[in-house]
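Step one of this worksheet: look at the structure below.
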Amino acid sequence: MNLKKYELNKKELIEICFKTIYQITNKQFVTLRGFNEIPNEISVNNDVDIMVCGSHIIPFLDQEFKKLGFTLYVDNHSYMYGAEPHYQFINNNLDVKFDIVTGLYYRSINDKMLWIPINKEVQKSMIANKINVDEIWKIQPSSEDELIHILCHCIFDKRKVSQKYIDRINHLLKNINKNKIEYLMERAFYASWESVYNKMKSDPSKLYEEYVQYTNY
């Protein structure tokens, strides 16, 4: 669509972006979190988080997103074990940012500038169990996959659990399959998984402290 002929508003822009991602990836993507904030609360500082299946998708997305007024920025952090950069598409005019990753990569607990991938089984589950929804974001994780992602995001990336994530964790806990979440947690957190699991249920605000205390023991 030619922006010179027709000025989009923020909601329309975000809607077109999701349709573009849906088509280019052939439905092989997941909107990771923050669904209640899409589209009205999205901004450059509160972005849309997307996982796509492989970096080969990025040049095609870049070509289409440029037509919609976006500029691509690639972070220059350090990566290990196959982790890849965040691809950040920013439209300053309409205050919209899409943060696109090619896998589930989180910050090292020892170095915030170093990104490493989560266990392969956890990554496979995110795509294998994705859910198509009749919403602007098109595809979201299963409750179990979203919960694991939020736990990792809060513990490794943020080093804290904000109230919005506490609320979401408590909501997801009502909708998960116990066997599935235990399987994923054991692979995401290894020996500390039971400690993290119990703290998640009793006091999710202390998840980071619980994980660090266990791993430093």
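Because the structure is a prediction, the values reported are computed rather than measured.
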Of the non-hydrogen atoms in [X] and [Y], which two are nearest, and what is the gap between them?
X    : Y    : answer
H56  : P59  : O-CD, 3.4 Å
E144 : L184 : CB-CD1, 3.9 Å
I24  : E64  : CD1-CG, 3.6 Å
V161 : P204 : CG2-O, 3.2 Å
N93  : N91  : N-OD1, 3.1 Å
N179 : N177 : N-OD1, 3.0 Å

Nearest 0.5 Å, what's the [atom1]-[atom2] distance between [X] and [Y]?
X    : Y    : atom1 : atom2 : value
I148 : S143 : CD1   : OG    : 12.0 Å
M185 : S192 : CE    : OG    : 8.0 Å
L147 : I150 : CG    : CD1   : 6.5 Å
R107 : I116 : CZ    : CD1   : 12.0 Å
L61  : S55  : CG    : OG    : 11.5 Å
L104 : M51  : CG    : CE    : 4.5 Å

Is any side-chain heavy atom of [X] closer than 4.5 Å to a side-chain heavy atom of [Y]?
X    : Y    : answer
V101 : L32  : yes
I155 : V196 : yes
F35  : Q140 : yes
I50  : F18  : yes
D49  : D99  : yes
L151 : F189 : yes
Y208 : C154 : no
K199 : Y211 : no

For the side chain of [X] and the backbone of [Y], is there at least one donor-acceptor N/O pair under 3.5 Å apart?
X    : Y    : answer
Q123 : I118 : yes
E41  : N46  : no
D157 : Y106 : no
N9   : K11  : yes
N170 : I166 : yes
T31  : I139 : yes

Q: From the options Y73, Y87, F70, select the one residue that forms a ring-ring contact (aromatic ring centres under 6.0 Å, His included) with F65.
A: F70
Distance-only donor-acceptor hits, side chain of residues 125-133, under 3.5 Å, sequence neighbours excluded:
unit_1: S125; atom_1: OG; unit_2: N129; atom_2: ND2; d: 3.0
unit_1: S125; atom_1: OG; unit_2: D145; atom_2: OD1; d: 2.7
unit_1: S125; atom_1: OG; unit_2: D145; atom_2: OD2; d: 3.3
unit_1: N129; atom_1: ND2; unit_2: S125; atom_2: O; d: 3.3
unit_1: K130; atom_1: NZ; unit_2: K27; atom_2: O; d: 3.2

Q) Checking side chain to side chain contact (heavy atoms under 4.5 Å, CB included) for the pair I58/V74: CA distance, chi angles, key distance, verdict? A) CA-CA 11 Å; I58 301 302; V74 184; over 6 Å; no
Q.
Within the 3.5 Å criterion, strictly below it, is a donor on N198 or E194 matched to an acceptor on the partner's side chain?
A. no
Q: Tell me yes or no: between the side chains of E84 and T102, is some donor less than 3.5 Å from an acceptor?
A: yes
Q) Under 6.0 Å between the ring centres of Y105 and W115? A) no
Q) Excluding sequence neighbours, so at least two apart, what forms side chain to side chain donor-acceptor pair (under 3.5 Å) with R187? A) Y183
Q.
Would you say L173 ends up clustered with L207 if hydrophobic residues are merged whenever their side chains have heavy atoms under 4.5 Å apart, either directly or through other cluster members?
A. yes
Q: State whether R168 and E146 are salt-bridged, where the test is any N-O pair (Lys NZ or Arg NE/NH1/NH2 against Asp/Glu carboxylate O) under 4.0 Å.
A: yes
Q | Salt-bridge contact D62-K66 (side-chain N to carboxylate O under 4.0 Å) | A | yes
Q | Test applied, side chain to side chain contact (heavy atoms under 4.5 Å, CB included); reference residue, I57; option that passes from I100, T25, I21 | A | T25
